[in-house]
Every structure is written in structure tokens, then in C-alpha cells.
Amino acid sequence: VGNIEILGNLKTKDNVIRREFRLKEGELFDSSKLKRSKQRINNLNFFEDVKIDTHRGQDPDLIDVLTTVTERPSGTFSVGAGFSSIENVIFSSSISQNNLLGNGQRLSLNTQLSSIRRDFNLRFTEPRLFDSEVLLGFDAFNRNQNFLSFNSLSTGGGIRLGKNISEYDSLSFRYRYDNVEVSNVSLANQTAFLKNGTRVASRVAPTYVHDSRDNFLNPSEGWRHMLGFEFAGLGGAKFTKSVYEVTYYR
């Protein structure tokens with residue numbers, strides 16, 4: 001492999017595309033790695049079209065690789081409004097950017113507002129920390145809901161860490177903290193589960209994913225396996241949860 005050139009990326013930085021290449025400059029050319037590189041660049045979902053061409057390099061034993069991309073809008077903004085006999089006017093908005101400043105980072109903010117609800121959710125993900133195979137993410141939320149028989153105020157957040165352990169396999173670890181304050185429960189409605197007070201849940205969740213889909217947005221072949229566990233008990237509520245999901249595309 002000679003030179004790997006990238007054209008058409010007006011916003012996305014070169015390293016965001018280059019780190020998805022399975023071929024490196026100076027190593028032995030492999031057509032299967034070239035095909036996989038195109039799949040990985042497509043799976044970023046930053047581009048409408050990805051073309052990879054090869055041609056002879058400066059020396060007869062070198063093959064140069066030219067990648068031409070056509071960028072698509074990576075940000076979305078939406079607003080909505082409705083009416084409910086219970087919540088009256090309902091307003092919702094969402095803003096997200098899946099390629100923040102061309103660095104491949106994801107940032108989203110969601111809100112829901114009504115006469116009985118005030119929800120805010122903030123989420124940030126760095127999928128390739130310092131161009132490595134490590135993912136780092138942060139989450140924060142605040143949910144204030146006034147139900148017919150009680151009020152609930154939930155605040156909390158979490159941190160996510162993940163790492164690719166092979167071409168198609170990854171491991172992740174998530175920690176989440178929830179603080180739920182329940183109030184305005186009348187004595188007649190109180191139960192062992194529903195009562196005034198504050199509940200805390202501190203949980204960790206390891207997850208394994210095997211994903212061999214050829215295209216994340218519109219797959220035509222491949223598998224996706226997800227095995228996850230959740231353990232709460234570092235403080236407050238105690239419970240365990242396990243989940244397994246499998247999907248096959250043909």
C-alpha cells in the first residue's frame with residue numbers, strides 16, 4: 001500500500017476517516033481489508049456515498065488508495081407540540097449532532113415539557129478516545145413528573161466505557177446513579193412500594209456485543225449478538241438484570 005488519500009470531507013476530519021481503515025500505508029495490500037474499510041466508513045453514517053479506488057503508486061510495487069466521500073448532514077433538530085386532557089399542552093424538542101465539529105463525537109439534548117412533566121436528558125459520546133479503540137460517554141438527566149396521586153423527581157447520570165476487542169466484538173461498562181424523590185403520597189395510597197421518601201439506585205452494567213452487519217443503517221447480511229448484565233446494590237436499591245438479544249440479516 002502506497003498513499004491513502006481522502007477527498008470530499010469538508011467537515012469531517014481526516015483522522016476520523018483514516019482510523020476506520022483496516023489497511024495501513026506501507027503494509028501488504030489485502031482486498032478483503034479494503035472492503036471492510038469501506039464498510040466501516042459507511043457505518044459512521046456521516047456520508048451519503050463512499051467510493052474507494054485504487055491505482056498504481058510511484059513505484060510499480062505500490063498501490064495507492066483514493067477515498068472519495070460525499071458528506072450528509074449529521075445534525076438534527078426537531079420540535080413538537082400536542083394536547084392532552086391530563087397534561088394539557090405538551091411541548092417536546094430534540095437537538096443532536098452525530099459528528100460534533102467534525103470529530104465524530106455525538107451530543108444530544110432532549111426535553112419534554114407539560115403541566116405535569118419537565119424532562120431533560122443530555123448525552124455525550126466520544127467513540128474513539130484519542131483515536132484509540134476506547135469509547136467514553138457521559139449521561140445526565142432530570143425528570144420532574146406530577147402524577148395524579150404523587151410527585152416524582154428523578155436526577156442522576158452515568159459514565160460509559162467501551163473497547164473493541166476484535167474486528168466485530170466489543171465490551172462496554174456502564175455506571176449509572178439515580179436519585180428518585182417521591183412526595184405528595186396520601187396516607188390512604190401508601191404501599192410498601194409507593195410511599196414518600198428518597199430512593200437511590202447505584203448500578204453497573206457490563207455488556208458484550210458481536211456485530212458483523214455489513215451496514216448499520218440498512219443491513220443486508222450479518223449477525224448482532226448482545227449479552228448484558230446489570231447489578232444494583234452499591235447503594236440503595238438492590239437487584240440484578242440480564243438480557244440477551246440476537247438479530248440475523250439475510
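All of these numbers come straight from a predicted model, not from anything done at the bench. Residue numbers run from 1 in the order of the sequence given.
- Under a hydrophobic-cluster definition in which Ile, Leu, Val, Met, Phe, Trp and Tyr are linked whenever side-chain heavy atoms come within less than 4.5 Å, directly or via other members, L227 and L161 are assigned to the same cluster.
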Stepwise side-chain contact (heavy atoms from CB on, under 4.5 Å) check, F173 with I159: CA-CA 8 Å; F173 179 89; I159 183 172; over 6 Å; no
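- Counting all heavy atoms, side chain and backbone alike, V185 lies closest to N196 at N-OD1, 2.9 Å.
- For the pair K24 and V1, the tightest heavy-atom approach, listed with the atom from each and the gap, is O-CB, 3.6 Å.
- Considering every non-hydrogen atom in both N215 and N43, the closest pair reads CA-OD1, 3.2 Å.
- Evaluation of the ring-ring contact (aromatic ring centres under 6.0 Å, His included) rule for H225 yields H210, W223 as partners, not counting sequence neighbours.
- Using a 4.0 Å cut-off between charged side-chain N and carboxylate O, E5 and R18 make no salt bridge.
- Between K33 and E167 there is no salt bridge, since no side-chain N of the basic residue sits under 4.0 Å from a carboxylate O of the acidic one.
- Classification of D178 and R176 as a salt-bridged pair holds, one side-chain N sitting under 4.0 Å from a carboxylate O.
- Closest of all the heavy-atom pairs between F229 and S242 is CD2-CB, 3.7 Å.
- The heavy-atom pair separating S84 from I90 by the smallest distance is CB-CD1, 3.7 Å.
- Not counting sequence neighbours, the partners of F147 by the ring-ring contact (aromatic ring centres under 6.0 Å, His included) test are F150.
- Between R250 and E221, none of the side-chain N atoms (NZ, or NE/NH1/NH2) sits under 4.0 Å from a carboxylate O, so this pair counts as no salt bridge.
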Only distances under 3.5 Å count here; give the side-chain donor-acceptor pairs of residues 119-130 to other protein atoms, sequence neighbours excluded, each with its distance to 0.1 Å.
unit_1, atom_1, unit_2, atom_2, d
N121, OD1, R143, NH2, 3.2
R123, NH1, D139, OD1, 2.9
T125, OG1, R160, NH1, 3.2
T125, OG1, R160, NH2, 3.2
E126, OE1, Q105, NE2, 2.7
E126, OE2, R128, N, 3.0
R128, NE, S132, O, 2.6
R128, NH1, E20, OE2, 2.8
R128, NH2, R19, O, 3.3
R128, NH2, E133, OE2, 3.3

